[in-house]
Structures are given as C-alpha cells and as structure tokens.
Amino acid sequence: MTAYATTRNGFRLLPEYFDRVQQADLAAQVMGALQDAPLFTPSMPRTGKPLSVQMSNFGPLGWVADRSGYRYEARHPVTGTPWPAMPQALLELWEAVSGWPEPPQACLINVYGPQSRLGLHIDADEDAREAPVVSVSLGDRARFRLGGPQRSSPTRSLFLSSGDVVVLGGASRRFFHGVDRIYPGTSTLLSGPFSPGRINLTMRRVHTGGGAGTTRS
DNA sequence: TAGTCGCC
DNA sequence: ACAC
C-alpha cells in the first residue's frame, strides 16, 4: 500500500493521486458544469473588493462572497439556479480520503489566472468544522502556503501540481492557508481560457448531520 | 483582512 | 505593514 506523508497536525498531501486521464476527465466535467453555473467574481465583505480568483460550485450548497459576507447558498448568485451535481469521481475521492461518514455538501471551483492569489485565511463558514477539507489541483502548479491557528503563526510553503490531492484534517482544518502564486505554463492539462491557469476543487461538509446533505435547516 | 503594496 |  502507498504510504502518503501525513503531518501530526492532520495535513496530508497526496501527490499525483489522479493520473493524467482522470485529471482530463475531471477538467471536462468542470467545463460542462460551467456551462450551467458560469464563473462569478466573488468580492470582499464590507469593501466589495473583488477577489482575483473566479468561482463556481458543484453540489447542494455553494460558497459565495459579496458585500453581505461569506456564506453557503443553494443557488447560483447570478443565474439563481441550483448548482450542478457533484461529479461521482469527487464523491469517491471524498469517501476514500476524508474518513468522514457523510458525503460532502459543497465543492468550490476556484479558477486561477496567472495573476490570481488567495490571501491567508481559515475556512470558517461551515458548521461542520470537524469534517476535513479535501481539494484537488488541476492545471498549472501553485505555491500553497500553510500556516497555523493564528495569523501570526509560522508558515511553510509547498508546491501543488496537477492531480495532487490535499486533505486538511485534524488541527490543520483550522489552520490559515492560501495560495501565493501560480506558475503559468507548468502544465498542459487545461486549454482555452483556462490556460495558462489553475483550477482547484475543494470539497467541504457544511452542516452537521443530515446524511445526504440535501436538507436545509 | 479568501485584500494590496513594497522592501530586503 | 497597511488601511478597511
């Protein structure tokens, strides 16, 4: 069996979890979903400053950000329609690596251009804070930064490549993290408007209980 | 503070 | 480190 590196904080990097064919299939499913749930530009609460990353979602709930704040919504902020279904391959990934008995309720699609960044933050908009966060990298390499429970905690950086899977479990679930930069032209997976660029798929459990996750409280 | 800028 |  393959031994993947696990920190004592519950952070796991699974390099090249998906092979090239699986990556291409995932990318194709993202392209298809974006036809129904087009990318939107999230913005900061209060200031309304746009983020440099564009987003959409799979699943019963989707993460959105605007002047009103960060939250999960069952419908696309622009089209008003429900998010596309979560791809089976992602549900299987969650089942294989999350160790969580219930399925993910949200999968955020983050699309990075060559200039996109994501500042240090903690995923804090979920009730289910004990459930791990599982993410997949597609396309160009990125420098990922992982800190600690406080903004002032020391950080370390690591490279994420296409097909890599990251699990933020245990204590690391509540650690600051972000994306410092994208390295354009370091992958040939994506094409068209997403090349150069990177797509990250991030699955989360939003509410505790609820089994299939389709019930709204 | 899911931001930007600028310096070493 | 800033200013929001």
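Every value quoted in this text rests on a predicted model; they were computed, and no experiment measured them.
Across all strands shown, dC7(B) has no partner, as no Watson-Crick or G-U wobble contact with both distances under 3.5 Å is found. Taking a pair to require two hydrogen-bonding distances under 3.5 Å in either a Watson-Crick or a G-U wobble arrangement, dT1(B) remains unpaired.
Atoms CD1 (I122(A)) and P (dG3(B)) sit 14 Å apart, rounded to a whole Å. As a whole-Å value, the separation of R67(A) CZ from dC4(C) P is 14 Å. Separating the CG atom of L118(A) from the C1' atom of dG3(B) is a distance of 10 Å, rounded to the nearest angstrom. Note: CE (M44(A)) to C1' (dC2(C)) measures 13 Å, nearest angstrom. Computed from coordinates, the K49(A) NZ to dT1(B) P distance equals 14 Å when rounded to whole Å. Spacing between atom CZ of R46(A) and atom C1' of dA3(C) amounts to 12 Å, rounded to whole angstrom units. The CZ-C1' distance, from R181(A) to dC5(B), rounds to 17 Å in whole Å. To the nearest angstrom, P of dT1(B) lies 8 Å from CZ of F176(A).
By the 6.0 Å and 45° rule, R173(A) does not stack over the aromatic ring of F175(A).
Q35(A) contributes no side-chain N or O that, together with a main-chain N or O of G32(A), makes up a donor-acceptor pair within less than 3.5 Å.
Checked for salt-bridge contact, R204(A) and D123(A) meet the test: a charged N lies under 4.0 Å from a carboxylate O.
In the interface, the side chain of R151(A) is paired with the base of dT1(B) through a donor and an acceptor atom under 3.5 Å apart.
Here the side chain of L51(A) is nearest to one of dC4(C), dT1(B), dG3(B), namely dG3(B).
For F176(A) and H121(A), the gap between ring centers reaches or exceeds 6.0 Å.
As rounded to the nearest Å, dC5(B) and dT1(B) have C1' atoms that lie 14 Å from one another.
Taking both residues in full, the closest heavy atoms of H177(A) and I122(A) are given as CE1-CA, 4.5 Å, listed atom of the first, atom of the second, then distance.
Looking at heavy-atom distances under 4.0 Å, R204(A) makes contact with a base.
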